[in-house]
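Excluded from the calculations below are hydrogen atoms, water molecules and symmetry mates; all remaining heavy atoms, backbone and side chain alike, are included. Each ligand, and each atom within it, is numbered from 1 in the order the structure gives. Just so it is clear, the structure is predicted and the values come from calculations on it, not from any experiment.
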Amino acid sequence: MLKLDKVQSGYGNKLAIKNVSLEIGKSEIITLIGANGAGKSTTLMTICGVNPCRSGRILFQGKEIQKMEPDQIVRLGLCQVPEGRHIFPQLTVKENLDMGAFLRNDKENIKKDLEYVYALFPILAERRNQEGGNLSGGEQQMLAMSRALMARPQVLLLDEPSMGLAPLVIKQIFEIIKQINKESNTTIFLVEQNANQALHIADRGYVMENGEITLTGSAKELLANQDIQKAYLGI
Ligand code: ATP
């Protein structure tokens, strides 16, 4: 579905990610874990075309996308939920969701998808007329994910959905990520510092350190790996 082949990207004269290669199969949940500043967000931003890919190739369904503009990439079916949510605080919940469907004109399906996200997150249905900025952190994360789903993505790219949320809310968010993957076959690429939660819902994972992929394996293997336990799971 999505393949990175020796991708490099950075800021100014500094490379933030070096020779990053990874593969994400259709309907998989793949997580990219690593410490603060490892290069996880840069990887995501480079896939989405926000950060320029300086070398290497990014293939979506076999087609090179590394030179495409972000809006073209969204049109292809790759949609990002950025770190920090970035919802529109002065728009209502419903208006935020309408923005997610901005590139679509299949009205009947948009209506169905709106019902689907309201069923996933009933609190958003209750608050549909409230301004996004008045929601709690967890509700804003739900709104950001729902807004992305309104684009009907084939691949949902999630950047640290657990950031700043209470443990119970994190649990709920991760359960719903799994549910989205199961119900709509949406491929998930999950960037997380919360390695424990991420590996518990993922099929496979990649570990990133200092801009490079240093380890990969099934989620089970990574959870059982003593180095991972020590460095990322606090065991
Ligand atoms: P976090 O979990 O803190 O978001 P991360 O693994 O996502 O960390 P990145 O945000 O991709 O890491 O950062 C990778 C490197 O690039 C870090 O050294 C960071 O300081 C640097 N960096 C990130 N954004 C910028 C920027 N806009 N300008 C300059 N350097 C940046």
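Atom CD1 of I123 is separated from atom CD of Q172 by 9.0 Å, given to the nearest 0.5 angstrom. Here the CD-OG1 distance, from E131 to T92, works out to 8.5 Å after rounding to the nearest 0.5 Å.
Contact detail for P161 and I173: the closest heavy-atom pair is CB-CG2, 4.1 Å.
Looking at A38, G37, S9, G211 and measuring to atom 8 (O) of ligand 1, the nearest heavy atom belongs to G37.
With a heavy-atom cut-off of 4.0 Å, S41 touches ligand 1 through backbone and side chain alike. When heavy-atom distances to ligand 1 are checked against a 4.0 Å cut-off, E83 comes that close only through its side chain, counted from C-beta outward.
Here the protein heavy atom with the shortest distance to atom 12 (O) of ligand 1 is G39 N, 3.1 Å. For atom 23 (C) of ligand 1, the closest non-hydrogen atom of the protein is Y11 CE1, 3.4 Å. The shortest contact between atom 1 (P) of ligand 1 and any protein heavy atom is with N36 OD1, 3.5 Å. Residue, atom and distance of the protein heavy atom nearest to atom 11 (O) of ligand 1 are T42 OG1, 2.5 Å.
Checked for salt-bridge contact, E175 and K171 meet the test: a charged N lies under 4.0 Å from a carboxylate O.
Under a 4.0 Å criterion applied to the non-hydrogen atoms of E160, ligand 1 contributes the atoms 2 (O).
Heavy atoms of K14 approach ligand 1 to within less than 4.0 angstrom. Residue contacts with ligand 1: G34 is excluded, as none of its non-hydrogen atoms falls under 4.0 Å. Taking 4.0 Å as the cut-off, M45 does not count as a neighbour of ligand 1 on heavy-atom distance. Ligand 1 is approached by A35 to a heavy-atom distance shorter than 4.0 Å.
A distance-only check finds no donor-acceptor pair linking the side chain of T46 to the backbone of C53 [under 3.5 Å]. In this structure, the side chain of D5 does not engage the main chain of G56 through any donor-acceptor pair within 3.5 Å.
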Task: Derivation of the salt bridge (Lys or Arg N to Asp or Glu O under 4.0 Å) call for D106 and R152 - done: CA-CA 11 Å; D106 50 336; R152 267 219 182 174; 5.2 Å; no
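Counted within 6.0 Å of CD on Q179, heavy atoms from surrounding residues, nucleotides or ligands total more than 12; the atom is thus considered enclosed.
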